[in-house]
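Remarks on the structure that follows.
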Amino acid sequence: MKIAIVSHEASLTGAPIVTFDFAAHQAKSHEVFLISKDDGPLCNFEHYREAIPNLLVTDTHHRKNRADFETNARNAIPVLENFGPDIVYVSTAAAGEWVAAAVWAGYPCVHHIHEMRGGLTNCINADLFRTDLTILADLVVAASRTIVEDLGEMCPAPLRPIYEFGIAIDIERILRLRTASVPAPLNANGQALAAGARPLVAMSGTADHRKGADIFFAAASALPQFDFIWVGPWEFPGMPYENPVLSAFRSTRLANLYVTGQTENPFAYLDMADLFLLTSREDPNPLVVAEALALGKRCVAFTGTGSSHTILKENGYVLSGEVSVDRIAAFLPTLLGRPAPGWLDEKSAAFRDRIDTRNRFPALDQKLREIAGFPAAAT
């Protein structure tokens, strides 16, 4: 089977990582053509370069490309026709024009959506997504139950039930990289973290408003008895992202808040932590929670953020409502004042098995085979 897989970018973030992982998995048994609308670090990972021989960067990300939806869709058709896929898999709402291109060119298409209401609205406003794509695609795949609900309210009902896939992570890679050597994270004073000296609270992602960088900063300020580490980009020179507390970080110079900057190995840093705290205001089903759980870490999230609470109800700690600095400051000292619970290791092992790409991707592969009219894979 020939599969064209489209990613809206190649950044070190959840949806692109899932897309590149899925492409690498599918390339073991199919001819895969991976299309990324933007260049990025994932394109240069040796693991992906070896696993995915056919990779095209179109340079059509909306940060650079101002053409309208129809123009972008028409321009995508020759790219697909040059490959001649049996099926097209489009990984996010931010690449919605490729769904239209596939439909207009007569190719079966799967649309995997990772955005919640706010993200979908942003994609609509940026002319990247149209609500009728859910009825044009042969199958809509959702990264969480929250996305299924938001699509149900915002879009026409698809022709077949939405497939709630959830997420999948490469467990083997995570466990291998957790022990790798990485540069020490630094605070605003340029001092390195003394790992293990005090309880350490981690968050991972792009330090912007949606990810709650300001909430994490305020929590570190309110809890000086603990160390806090932000794993991922903290500053964005020349990029449209904005860290709402970058100026405060530089002026306040909190001694207990450390940042890694962009890293290809967040797992070694997450492994240093005693607790993972999801501060995102809106995050459908972030990989970072699954990654922290896979590393055996205690995890805390809020029900108002997205669908992480469905995982953490059995494997971690869930606070109701929207994310709150006051409730974080009240809860964390109690939690970190106790040793990690005995059930954590057992639950982490079971969770790793359930969420592993090797166990999750075959079901998605089978969906593609059914739509494209290919026989089921041999078991």
Side-chain angles (χ1 to χ4, degrees), residues 1-58 79-80 83-92 94-95 98 102 109-114 139 141 143 163 165-178 180 204 262-268 285-288 290-291 294-295 352-369 371-372 374 376-379:
M1 183 164 64
K2 297 175 69 175
I3 310 171
I5 297 178
V6 184
S7 179
H8 78 290
E9 60 185 33
S11 61
L12 296 170
T13 53
I17 290 172
V18 170
T19 307
F20 274 65
D21 280 347
F22 184 56
H25 178 274
Q26 294 301 90
K28 296 174 183 177
S29 52
H30 304 290
E31 185 179 352
V32 169
F33 179 37
L34 177 58
I35 303 162
S36 179
K37 291 174 59 176
D38 198 13
D39 202 354
L42 293 180
C43 293
N44 298 315
F45 274 22
E46 182 178 354
H47 166 68
Y48 294 130
R49 292 177 68 88
E50 292 179 352
I52 311 164
N54 300 317
L55 170 62
L56 172 68
V57 176
T58 61
V79 179
L80 293 177
F83 176 61
D86 296 299
I87 191 167
V88 179
Y89 167 95
V90 179
S91 69
T92 63
W98 288 85
C109 183
V110 173
H111 198 184
H112 193 157
I113 297 179
H114 291 260
L139 177 67
V141 179
Y163 175 45
F165 173 74
I167 53 176
I169 56 177
D170 187 342
I171 294 296
E172 185 277 330
R173 181 169 179 268
I174 290 171
L175 297 183
R176 173 169 48 83
L177 292 179
R178 73 187 299 179
S204 182
Q262 181 165 293
T263 175
E264 294 185 3
N265 182 9
F267 317 116
N285 202 357
L287 295 186
V288 290
E291 290 164 354
L295 291 168
R352 285 195 293 269
D353 186 61
R354 189 167 75 248
I355 205 73
D356 195 339
T357 54
R358 292 176 296 182
N359 298 326
R360 297 287 294 129
F361 281 155
L364 189 53
D365 170 72
Q366 180 56 31
K367 294 286 185 182
L368 269 63
R369 288 175 180 268
I371 293 170
F374 280 73
T379 57

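We use all heavy atoms of the structure for the numbers below, so side chains are in, but hydrogens, waters and symmetry mates are not. We count residues from 1, following the sequence as given.
Separation of atoms CD1 (Ile355) and CD1 (Ile171) is listed at 7.5 Å; rounding is to 0.5 Å. Summarising the geometry, atom CD1 belonging to Ile5 is positioned 7.5 Å from atom CD1 belonging to Ile52; distances are rounded to the nearest 0.5 Å. If you take CG on Leu368 and CD1 on Ile87, they are separated by 4.0 Å, rounding to the nearest 0.5 Å. The CG atom of Asp21 lies 7.5 Å from the CZ atom of Arg173; values are rounded to the nearest 0.5 Å. Going from atom CD1 of Ile174 over to atom CZ of Phe267 covers 4.5 Å, rounded to the nearest 0.5 Å. In this structure, CD on Glu50 lies 13.0 Å from CZ on Phe45, to the nearest 0.5 angstrom.
Using a 4.5 Å cut-off on side-chain heavy atoms (C-beta onward), Gln262 and Pro41 make contact. Contact check for Asn44 versus Arg49: side-chain heavy atoms found under the 4.5 Å cut-off. For the pair Phe20/Cys43, a side-chain contact is recorded, criterion being any heavy-atom separation below 4.5 Å from C-beta on. With a 4.5 Å cut-off on side-chain heavy atoms, Leu12 and Leu42 count as touching. When side chains are defined from C-beta on, Ile17 does not count as touching Asp170, because their heavy atoms never get closer than 4.5 Å.
Side-chain contact annotation: His30 with Asp86, donor-acceptor N/O pair under 3.5 Å absent.
In terms of heavy atoms, Thr19 sits closest to Ser7 at CG2-CB, 3.8 Å. Residues Ala268 and Ala180 share a closest heavy-atom pair of CB-O, 3.7 Å. Closest of all the heavy-atom pairs between Pro266 and Ser204 is CB-OG, 4.4 Å. Taking each heavy atom of Ala377 and Gln366 in turn, the nearest pair found is N-OE1, 3.9 Å. Closest heavy-atom contact between Ser36 and Asp38: OG-O, 2.6 Å. The shortest non-hydrogen separation linking Ala15 to Thr92 is CB-CG2, 3.6 Å.
Lys37 places a side-chain N or O within 3.5 Å of a backbone atom of Ala94 that can act as its donor or acceptor partner. Between the side chain of Asn359 and the backbone N or O of Asp353 there is at least one donor-acceptor pair closer than 3.5 Å. Put simply, the side chain of His111 never gets that close to the backbone of Val141: no donor and acceptor are under 3.5 Å apart. The main-chain N or O of His112 is never found under 3.5 Å from a side-chain atom of Ser91 such that the two would form a donor-acceptor pair.
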The test is side-chain contact (heavy atoms from CB on, under 4.5 Å); show your working for Leu364 and His25 and say whether it passes.
CA-CA 11 Å; Leu364 189 53; His25 178 274; over 6 Å; no

Using the rule given for side-chain contact (heavy atoms from CB on, under 4.5 Å), can you reason through Val110 versus Lys367, listing the C-alpha separation, both sets of side-chain angles and the distance that settles it, and then say yes or no?
CA-CA 9 Å; Val110 173; Lys367 294 286 185 182; over 6 Å; no

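Ring geometry, Phe33 versus Phe83: the interplanar angle falls from 30° to 60°, so the pair is classed tilted.
Aromatic ring centroids of Tyr89 and Phe22 lie under 6.0 Å apart.
The pair Asp365-Arg369 meets the salt-bridge criterion, since a charged nitrogen lies less than 4.0 angstrom from a carboxylate oxygen.
Annotation: Arg176, atom CZ; neighbour count of heavy atoms from other residues, nucleotides and ligands within 6.0 Å is above 12.
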